[in-house]
Engineer: 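The structure's right below; bear with me while I get my questions together.
Since this is a predicted model, take the numbers as computed values, not measurements. Basis for what follows: all heavy atoms, side chains included, without hydrogens, waters or symmetry-related copies. In the text below, chain A, chain B and the rest are named by the order of the sequence lines, each starting its count at 1.
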Amino acid sequence: MIEQIKLDLKKMLEQAFLNEFHTSVNVVIEAPKRIDQGDLSIPVFTIAKAISRPLPETANHIKKTIESSMISTLFSELIIMGGFFNLRLNSTAMAQKVIVNYMSNQNNYGDSTIGEGKVVCIDYSSPNIAKPFSIGHLRSTIIGHALGNLLEKCGYKVVRINHLGDFGTQFGKIIYAYQHFGDEEKIKKDPINELVKLYVEFHELAKTNPSMDDEARRIFKELEQGNEEYTALWNWFRKVSLEDYMQVYQLLKVTFDSYNGEAFYNDKMQPVIDELKAKNLLKEDDGAMIVDLGENMPPALIQKTDGSTLYITRDLAALFYRKNTYHFDKCLYVVGNEQKLHFEQIKAVLKKMGYDYDEAIEHINFGLVLQDGKKMSTRKGKVVKLVDVLNEAIKLSQAYIDEKSPLLEGKDLIAEKIGVSAIIFNDLKNYRANDFEFNLEDMVRFEGQTGPYLQYTSVRITSILNSEDFVFDGKIDYSILSRETEFEIVKAISQYQMTVEKAALESSPSILAKYLLNLASLFNSYYGKEKINVENQLEKNTKKHLLAMVRTILNDGMTLLGMQIIEKM
RNA sequence: GACUUGGUAGCUCAGCUGGAUAGAGCAACGGCCUUCUAAGCCGUCGGUCAGGAGUUCGAAUCUCCUCCGAGUCGCCA
């Protein structure tokens, strides 16, 4: 709502300057850093320069223009402060608008229509079969899930795709290892760990025995061509791995529309290769088939010397399949920073093939999960399992509950919701592209800018609202909402929708996360100095309206991020 | 070496299409529970925004150079 006012003001002023000075100026309107500087601020420097007038004259001109305009009633004060022109909003009028707007959208407050009629595919989570669900996949899962929710809130139709890493040379290696030194019983008992052991062992031995790599490649090639023995093993590995991942998805409450992984595209790659050939883009180089992408980018390797395919070949097949099946307007890939080049290459190949939707493909990159400042690697066996981290967080929140509210009913489920949500929020509160040092202590922290802080805030409000019947009836004393402390909260409430849209458009859940922290902090300060359940009925009712709106937003926002809402803690 | 990305308080990070006195949380220290949940609130301490030069009325933000970390650079994904 504030955004709308800014926009109206900007347009009005720019038009006025155009009319009077025949100059097109860019009027910038921002929020001042300090409350005593008003609600909105316009730096006058550039405008004065554009119309070649002194600062004071320009500022006065702005003042007169606003005073004589249709929107003058929106403001209660116009202040000239040095080179800045500051405005204070008419808080009563503003508060009324916010309440009316809220009452007419109570069940879907903040919903946006910017994505109506558009389809977005999101490729996220995508763990590698036969490997543990790592902390890196956790990031992809959490970010992708939140983005899906944000986009849906904005009206997009979202297709959630778990592009399982269920194919590739790694399977040649694991099958080789299994056949040479594997043990069926052990795998049945502890599938993923045993498979990882085999994989790690393979790499150890292959260091001194390079022919093993050739052998693994051969096995994978035969698997690709349908060898029955290998296919049976592959199916088994896939099945036990998926069962393992499902535990994590259930804990995180994450679901997908499609689990089509790389293997699904096994029979869809030849057409891609044929098309590349037909378009004269494929050329042989050292026995492999590549697409030359010019001097600024390394070539894309489409087919290996032995004829088997690569990651990019499968991703291209997947891309075409998605385009034809879902007719997406955007296709997002929630994948780590280290694959930046890969996606640039995909776009480049697509463009070379003559397709025009390369701009629709977006690599939603995220920071690497580092350990001791270095990338974690499965090959060295240094993997932190996600289930362990989640369980650790749940255990800690159980300890917290036992200490702080030992009589709480349904402790176990609440502990799970707090622990899991803490992990999710910890990941989403920071800008996704930054690297992420793995630190269990930080991940399960329960004080300060954390998931539990948001949940706690919501619970506090619930507790107050439930103390006696409350109905959102709009019976409000606006002189209370227009006071400085309350009005700060009203302003924040009015910015929810804009925040959701921004987070969705920039694929940055952290924007929403920071907003929620700020809103919660505003409430907690307020709670610290104002009593809500006061004698005066109208005052009490007014304050409860404010709280109800804050809670609606907190709960909705947390849900969008993938966190879970609780009523008591 | 080339390209990408980052360097802001002791730690984790916001702020980056140029705007006012650079903000939070954690840690440290001091207050606040006979009153709506103290997983909270209030306060104190903490800064050469890596370094240098430039553009500008104005630079953490833009440009260039240097230093440091990370990632990627054909047969892994």
Engineer: Nearest of B/C75, B/U37, B/C41 to any side-chain atom of A/Lys304?
Structural biologist: B/C75
Engineer: At a heavy-atom distance below 4.0 Å, what parts of residues 412-424 of chain A sit against RNA chain B?
Structural biologist: A/Ile418
Engineer: Please determine if A/Arg483 and A/Glu488 form a salt bridge, counting it only when a charged side-chain N lies under 4.0 Å from a carboxylate O.
Structural biologist: no
Engineer: Closer to the 5' end of RNA chain B via nearest nucleotide, is it A/Pro452 or A/Thr309?
Structural biologist: A/Pro452
Engineer: Starting at NZ of A/Lys49 and ending at C1' of B/G58, how long is that distance when rounded to a whole Å?
Structural biologist: 10 Å
Engineer: Nearest heavy-atom pair of A/Phe84 and A/Ser41: which atoms, and what distance?
Structural biologist: CD2-OG, 3.6 Å
Engineer: Could you measure between the two P atoms, the one in B/U56 and the one in B/G18, and give it in whole Å?
Structural biologist: 15 Å
Engineer: Confirm from the modelled atom types if A/Thr305 and B/C75 form a donor-acceptor pair under 3.5 Å, side chain to base only.
Structural biologist: yes
Engineer: Dot-bracket for RNA chain B, 5' to 3', with Watson-Crick and G-U pairs under 3.5 Å, [ ] for crossing pairs and | for other-strand pairs: what is it?
Structural biologist: (((((((..((((.....[...)))).(((((.......))))).....(((((..]....))))))))))))....
Engineer: Regarding A/Arg139 and A/Asp427, does a basic nitrogen lie under 4.0 Å from an acidic carboxylate oxygen?
Structural biologist: yes
Engineer: Can you tell me, in whole Å, how much space there is between the C1' of B/C49 and that of B/C13?
Structural biologist: 13 Å
Engineer: Strictly under 4.0 angstrom, non-hydrogen atoms only: write out the protein contact profile of nucleotides 5-23 of chain B, one letter per nucleotide from the 5' end, B, S or -.
Structural biologist: --------SS----BBB--
Engineer: With nearest nucleotide decided by heavy atoms, which residue, A/Thr169 or A/Leu368, maps closer to the 5′ end of RNA chain B?
Structural biologist: A/Leu368
Engineer: What is the nucleic acid contact for A/Glu295, judged by heavy atoms within less than 4.0 Å: base, sugar-phosphate only, or nothing?
Structural biologist: nothing
Engineer: Which listed nucleotide (B/A39, B/C73, B/A77) is nearest to the side chain of A/Met569?
Structural biologist: B/A39
